[in-house]
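In what follows, a single structure is set out as structure tokens and then discussed.
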Protein chains: 4
Amino acid sequence: MSPKRVDKEVRKKEILHAAMHAMARKGVNVIKIDQIAAAAGIGKGTIYEYFSSKEEIFGAAMAQFLEKIENIQAKKLFRATTPQEKIKAIIDSWVEATNTMAHDDLKLLIDLWAEGIRQSNPELKKIFDMKKIYYEYREIVSAIIRDGINAGVFRDVEVEVVSGIFLASVDGLMIQWLLDKESVDIRKTANTLYDTFMQGIALQRESGNL
Amino acid sequence: MSPKRVDKEVRKKEILHAAMHAMARKGVNVIKIDQIAAAAGIGKGTIYEYFSSKEEIFGAAMAQFLEKIENIQAKKLFRATTPQEKIKAIIDSWVEATNTMAHDDLKLLIDLWAEGIRQSNPELKKIFDMKKIYYEYREIVSAIIRDGINAGVFRDVEVEVVSGIFLASVDGLMIQWLLDKESVDIRKTANTLYDTFMQGIALQRESGNL
Amino acid sequence: MSPKRVDKEVRKKEILHAAMHAMARKGVNVIKIDQIAAAAGIGKGTIYEYFSSKEEIFGAAMAQFLEKIENIQAKKLFRATTPQEKIKAIIDSWVEATNTMAHDDLKLLIDLWAEGIRQSNPELKKIFDMKKIYYEYREIVSAIIRDGINAGVFRDVEVEVVSGIFLASVDGLMIQWLLDKESVDIRKTANTLYDTFMQGIALQRESGNL
Amino acid sequence: MSPKRVDKEVRKKEILHAAMHAMARKGVNVIKIDQIAAAAGIGKGTIYEYFSSKEEIFGAAMAQFLEKIENIQAKKLFRATTPQEKIKAIIDSWVEATNTMAHDDLKLLIDLWAEGIRQSNPELKKIFDMKKIYYEYREIVSAIIRDGINAGVFRDVEVEVVSGIFLASVDGLMIQWLLDKESVDIRKTANTLYDTFMQGIALQRESGNL
DNA sequence: CATGAATGAGTCTTCATTCAT
DNA sequence: GATGAATGAAGACTCATTCAT
């Protein structure tokens, strides 16, 4: 691989980085190629040396964004061993994301959902398929919960359903935080989410009052 | 007598209805006026007899959408008396929404969030302020939970935080359902959400296993 | 002729009247059919019962306007007998026009000139041909001046040229008055124009210092 | 070095030039952006690389037009010393304008007047204020005539009024020429205007025959 | 007759993409 | 390779005209 090649790769990453920021801040449908170019500190035409269309940039930015998020989660999950720790790790991934990434950057999630929901561009499905991603997310959490049930830590809940609910809480909290940073005390919320969810699926001595 | 006025009102509602559908299906930023007109079965210019701009249609559609959702919730909440019933009512509102409204129509939620998060249009803030709406939602749920705590049904949780988490679950589930109708068994999920959440904030005989 | 017929004529005149006002005030290219209808106190569609197109209204309004102006001139000229009186009559027509007609209404002159200069609509040439109108104006004045020369009151000027100059003065003054009512003292200007023009073409005892 | 900048400036001038021609020929309110682009031999979109709106083009074209006219006058006036020469210089400016500039181009005067009279666009008032321009024109001529009076060449006329009349003659002649090139023998008319106006305000041995 | 709701051709303006330098 | 000037397809909006009531 020649140094030129490396340079090209590096430059492409730089553009992608700038594009992701810009898209996240203004919204994918609103951002203009000029703005991405300006944000990347390059000429408008140069972008087309690295990407063939705005759509492709969008796809690449989304993929990169997802990768970032998944990296955070993978890192956290990697260290966790017990089901409880793993649940905690997923919640902490959310905390970490809000710490590591800029508030603006995380707004890209909305566009990711929008794209997944409307699938306006079938091409993008090849790069990232939100339906599939969520299916896999639920599988991961399901495995964790199943482990907990088998270990006698969690009660015998509908695993797939509970997994969806758990992931839903995190997504929903992200929305509230994106809508209003100040309205969500991340640390406190993370702890409470962990506590209530754990208690929610905990084995019960006596069947309660519900 | 004012048959003309009635007609005008009716027609405006029709257009709004069609606009809401079209916007929800394709996305607020993607829909074209021509498409709305076509969906409403009228000429492009006619739209402007009833709305002064695309922006105004957005606002009206968003407001109508919100109203629909809130009506469903209000109706459900109205009948509920105990805190548990009220929590159940909110969950049921979600179920009802997915039953009453078309899958496509509910996609508008994404645009509502997107608008709230990026506030690309300051005018819309006058019509609906997502930040405020969520603040108020949390207040409503907080009151319910507080009642439950006072009644000795719920344990002494961080009320505001838990409220956010609860609403987050519902929103997150909506996302998953919007992404993939088949992946979420609404009825089962609603029940499970109720059970786990109730148990999650229930009073505990002994401080548990966490 | 049935009374209906009369009504139609009357109504047409009313519309024309309103159209003339509106066009003059806002400009022929700027005025909208709706505004004319509103000004006439009738429905938009009704206009098309009396005129077949905006263009036709324009033509009719112009014709009416010209007629008004010409009536004023004709009336003044009618009473005048000597060449001097006739020149004075034409100047007085201008004074009378600024008195009789609204400042706004006289703005139509600009559109008349614009139409004449650009002849954007060949059809209008049939209704009024500015080129011809000015030719005839000059003829009228030329005849007056020629009379004066023959009578030994005016010196032997280039009659056609002087006529053009005289009419030009009046038109140019109208422009200044239209641009800024306050900047032109009509009465004083009329007198001065008469004096200087009369002296300008007067027979001279000695050939002067020029 | 900035060849790019120079090119941009040059191109902008070219567009402006073409725009001025097109606007003058067809009328400011009638000309379409497409036509200007076509006249400039460029694409429609390119116009907007140099001007931000149709309105801005109007303003720039008007300003350039006025500048042209004023340059001609300034040059002529510069060489003139006596009041008579100065009056002649102004008349000659008109002659020069009709020689230098295309018949079509000078039609822009009509739009200038129309704009001044109706002030449909308040923004344009910042660029050129016809009311003010005419006020200043009259001031210039007034100074000349006052000089002539003081020098004992002109009689004691109402200076401001006479100035208006003089300028009116020139404007009015321009209208006639614009309406019909052939109907006005510019050279002869210029001479006659000079003669009659000079005699019109000349000192008189005896108070004459009027 | 009178009306004004409906219409779509026509206009200004934007912006992703191209391409000559 | 990098650039940004040029472009025209596309989109929001206007308005003269039509026509059903």
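The chains referred to below are lettered A, B, ... by the order of the sequence lines, with proteins before strands, and numbering in each begins at 1.
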Minimum-distance nucleotide to A:K32 side chain [options: E:dA16, F:dA12, E:dT3] = E:dA16
inquiry  = Rounded to whole Å, how long is the line connecting atom CD1 of B:I33 with atom C1' of F:dA12?
reply    = 7 Å
ask   = Does A:Y48 make a side-chain N or O approach to OP1 or OP2 of F:dA2 shorter than 4.0 Å?
value = no
key: Euclidean distance, atom CD1 of residue B:I31 to atom C1' of F:dA12 [Å, nearest integer]   = 14 Å
note = A:D34 CG to E:dA16 C1', in whole Å, measures 9 Å
task = Calculate, to the nearest 0.5 Å, the distance between atoms CG and CD belonging to D:L16 and D:Q64 respectively.
result = 4.5 Å
remark   = In whole angstroms, the gap separating P of E:dG8 from CD of B:Q35 amounts to 17 Å
task = Could you tell me the separation between the CD1 atom of C:I127 and the CD atom of C:E56, rounded to the nearest 0.5 Å?
result = 7.0 Å
ask   = Hey, does the side chain of B:R11 come within less than 4.0 Å of E:dA6's phosphate (OP1/OP2), counting only N and O?
value = yes
note = On DNA chain E, more 5' by nearest nucleotide between C:I47 and B:E49 is C:I47
key: Rounded distance in Å - CZ (D:F51) to C1' (E:dC12)   = 16 Å
inquiry  = So, does A:K44 get its side chain near the phosphate of F:dG4, meaning an N or O under 4.0 Å from OP1 or OP2?
reply    = no
ask   = Of the nucleotides F:dA2, F:dT17, F:dC13, which one has an atom closest to the side chain of B:K54?
value = F:dC13
task = Return no unless some side-chain N or O of A:Y50 is found under 4.0 Å from OP1 or OP2 of F:dA2.
result = yes
request  = Nearest whole angstrom, please: distance from the C1' of E:dC1 to the NZ of C:K12.
outcome  = 16 Å
key: Position toward the 5' end of DNA chain F (nearest nucleotide), B:S52 or D:G45   = D:G45
inquiry  = Salt bridge or not between A:E9 and A:K12? Use side-chain N to carboxylate O under 4.0 Å.
reply    = no
ask   = Any side-chain heavy atom of B:Q35 within less than 4.5 Å of one from B:K32?
value = yes
inquiry  = Quick one, D:R118 with C:D111, criterion salt bridge (Lys or Arg N to Asp or Glu O under 4.0 Å). Give me CA distance, side-chain angles, the key distance, then yes/no.
reply    = CA-CA 11 Å; D:R118 305 217 238 241; C:D111 297 288; 2.2 Å; yes
remark   = Considering only heavy side-chain atoms of D:T46, the closest of E:dT3, F:dA6, E:dA5 is F:dA6
message = Any donor-acceptor pair under 3.5 Å linking the side-chain atoms of A:N121 with those of A:E115?
response = no
key: Integer-rounded Å distance: F:dT21 P and B:K8 NZ   = 17 Å
request  = Return the value, rounded to whole Å, for the distance between atom CD of C:E56 and atom C1' of F:dT17.
outcome  = 14 Å
ask   = Which stems does DNA chain F form, counting runs of 3 or more consecutive Watson-Crick or G-U wobble pairs with both distances under 3.5 Å?
value = E:2-21 with F:2-21
message = Quiz question: by atom type and distance under 3.5 Å, do the side chains of C:D104 and C:H21 form a donor-acceptor pair?
response = no
